Amino acid sequence: MITVIGGTYREIDYDNISHEVFGSGFRSCKFLLENACKVNYFTFGNKDTISYLNENKKVYTNFNFKCFDSPELITFKYSFPLDNPSIFPNLQNISKSVIEEVVEDNIICFGMLEGEVKIKGKKVIYDPQTAIKPKKFSDFGESDKLVYIVNRSEAESISGSKDIKEIKKFFFEDENAYAFIIKNGPYGAILYYASLEFSIPSYVTPNVHKIGSGDIFTGSFAYYWLEKNLPLEKCALYASQSTAYFCDIQGYIDTSKLDDIDYKENKPINISEKQVYLAAPFFSLAELILIDKIRNAFLDFGIKVFSPFHDIGLGNDVSIAQKDIEGLMKSDIIFCVFDNLDSGTLIESGYALANDKKIIAYQRTCEKNNLLMLKPGDIKSFSNLTTAIYHTIWSL
């Protein structure tokens, strides 16, 4: 049996046009339940949360839960998953509480908005779920063997350092962790265990359903370690593969049973000097907001972006067009937004095609037949923005 402690939240994703109730806690439970693991779940919620969990209990007979009272079913609203979500109610209006101590052998603990639980376990996996003042496990829990799973910003925030030597010192000495993993999105992850480091690859998938991918990594890693008792490096590798399947088909697959993985490994390269040219219309307010969000997503991944709107500005002078062309020629890949069939974007894409540039296209409302002349070029087109951005990174 595995005990899961975490949030149950409503998630709205405009990019994928989806409206679901999961949250890190219940999504992790879902992976475990789909793989016939007995689960005991602690969460917060209101009567709607309890009703939803009871419906799931009818499906999964190996599922038990305890829901502590909270007035709201908290909602995360994403314009697309690489953008910061809007949270309702406002974080300042969410009442927090500390609930009873949970004492179990095997525990997965996620950071929660409504409060925290006192924990005592033999084996514990802790995922703080936030880079904004994350809680140290030692502040609320005890464990014989503790594994932290964090992303880079969470590791830096919780340790108070950007230096990997200091980060390792914090987790191993201050927190007495048995191991820790730093996730890095499309670049994979690194497992730190004793004096060893293991690079865990990410996998190139046709689709990237990003919301919940970190929850699946943590939940599946726990499954392989706590339920199947596999070596840590195998647990991390299978967790990455399980995450790939979730991102592609939103399936909850035990990849340790597969003879071969369907996806190719992403081979990380130094992309800090790589540049993306952002070709998109920027005339309406909606277009301006979209191009700004896309640019920020690339910058967050450490990639240089040349954006005509941000880097050159508006104007009708021929020198502006010349500067745009210079930026395009210096870029390694062209990211095009084809919705609204903006004439400037089409000209930029045609110029890129004539100069053998790679093109990644995002189009939600534009008919593909309207882009027939671009098909002979090195171009991939996606209707999901997050998938388009990931494939741009994988194509560098």
Side-chain angles (χ1 to χ4, degrees), residues 1-9 21-45 49-50 52-70 96-130 134-150 175-181 212 214-230 232 235-236 238-239 242 252 254:
M1 186 186 77
I2 296 177
T3 295
V4 179
I5 301 165
T8 306
Y9 305 130
V21 176
F22 270 111
S24 53
F26 185 67
R27 186 175 281 105
S28 181
C29 290
K30 178 82 169 180
F31 181 91
L32 298 171
L33 293 167
E34 285 290 310
N35 289 285
C37 180
K38 185 177 180 180
V39 176
N40 194 21
Y41 184 39
F42 291 84
T43 190
F44 289 92
T49 314
I50 294 171
Y52 176 75
L53 294 175
N54 273 324
E55 289 301 309
N56 278 274
K57 193 172 179 179
K58 294 176 184 177
V59 177
Y60 301 107
T61 57
N62 52 343
F63 177 51
N64 288 293
F65 72 89
K66 186 170 185 179
C67 185
F68 295 91
D69 185 57
S70 180
K96 297 179 183 291
S97 60
V98 178
I99 58 179
E100 64 189 58
E101 184 176 66
V102 174
V103 181
E104 297 287 352
D105 287 348
N106 299 320
I107 298 175
I108 308 171
C109 179
F110 293 96
M112 294 178 286
L113 295 176
E114 307 96 324
E116 63 187 38
V117 184
K118 293 291 185 180
I119 293 170
K120 186 177 289 186
K122 289 182 179 179
K123 288 184 176 180
V124 177
I125 295 164
Y126 175 47
D127 183 342
Q129 288 283 302
T130 180
K135 282 273 190 181
K136 295 186 297 182
F137 179 79
S138 58
D139 287 344
F140 62 89
E142 299 176 26
S143 174
D144 296 336
K145 286 186 177 179
L146 169 66
V147 175
Y148 264 90
I149 297 180
V150 293
E175 287 294 280
N176 196 30
Y178 181 64
F180 73 98
I181 295 173
D215 312 333
I216 295 299
F217 184 93
T218 297
S220 60
F221 176 90
Y223 171 72
Y224 299 125
W225 187 44
L226 302 176
E227 188 75 6
K228 306 196 82 170
N229 200 31
L230 297 176
L232 288 177
C235 295
Y238 289 140
S242 293
Y252 302 84
D254 175 358

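Remember, predicted model here, so these are calculated numbers, not experimental data. Excluded from the calculations below are hydrogen atoms, water molecules and symmetry mates; all remaining heavy atoms, backbone and side chain alike, are included.
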Test side chain to side chain contact (heavy atoms under 4.5 Å, CB included) on Ile5 and Ile119 and set out the steps.
CA-CA 9 Å; Ile5 301 165; Ile119 293 170; 3.8 Å; yes
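- Side chains of Ser242 and Tyr224: a donor-acceptor N/O pair is present below 3.5 angstrom, by distance only.
- Rounding to the nearest 0.5 Å gives a distance of 8.5 Å between CG of Asn64 and CE of Met1.
- Atoms CG and CD1, from Leu226 and Ile108 in turn, are 6.5 Å apart once rounded to the nearest 0.5 Å.
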Steps toward side chain to side chain contact (heavy atoms under 4.5 Å, CB included) verdict (Lys66, Tyr41):
CA-CA 6 Å; Lys66 186 170 185 179; Tyr41 184 39; over 6 Å; no
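- Here the side chain of Thr218 pairs a donor or acceptor atom with the backbone of Gly214 at under 3.5 angstrom.
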Before you tell me yes or no, could you show the steps for Ile216 and Tyr252 under side chain to side chain contact (heavy atoms under 4.5 Å, CB included), namely the whole-Å CA-CA distance, both residues' side-chain angles and the distance that decides it to 0.1 Å?
CA-CA 8 Å; Ile216 295 299; Tyr252 302 84; 3.7 Å; yes
Hey, can you pull the donor-acceptor pairs under 3.5 Å for the side chains in residues 25-33, sequence neighbours left out?
{"residue": "Arg27", "atom": "NH1", "partner": "Glu11", "partner atom": "OE2", "Å": "3.3"}
{"residue": "Arg27", "atom": "NH1", "partner": "Asp215", "partner atom": "OD2", "Å": "2.9"}
{"residue": "Arg27", "atom": "NH2", "partner": "Glu11", "partner atom": "OE1", "Å": "2.5"}
{"residue": "Lys30", "atom": "NZ", "partner": "Tyr60", "partner atom": "OH", "Å": "2.9"}

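- At a threshold of 4.5 Å between non-hydrogen side-chain atoms, the residues Ser143 and Phe137 count as touching.
- Lys228 NZ: more than 12 foreign heavy atoms inside a 6.0 Å radius.
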Decide yes or no on side-chain hydrogen bond (donor to acceptor under 3.5 Å, both in side chains) for Thr8 and Thr43, but give the supporting numbers first.
CA-CA 7 Å; Thr8 306; Thr43 190; 2.9 Å; yes
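- In this structure the side chain of Asp127 never reaches within 4.5 angstrom of the side chain of Ser24, judged on heavy atoms.
- Side chain to side chain, Asn35 and Tyr223 fail the donor-acceptor criterion of an N or O pair below 3.5 Å.
- The aromatic ring centroids of Phe140 and Tyr126 lie less than 6.0 Å from each other.
- Side chain to side chain, Glu114 and Ser70 fail the donor-acceptor criterion of an N or O pair below 3.5 Å.
- Under the 3.5 Å distance criterion, the side-chain polar atoms of Glu142 are left unmatched by any main-chain donor or acceptor of Gly121.
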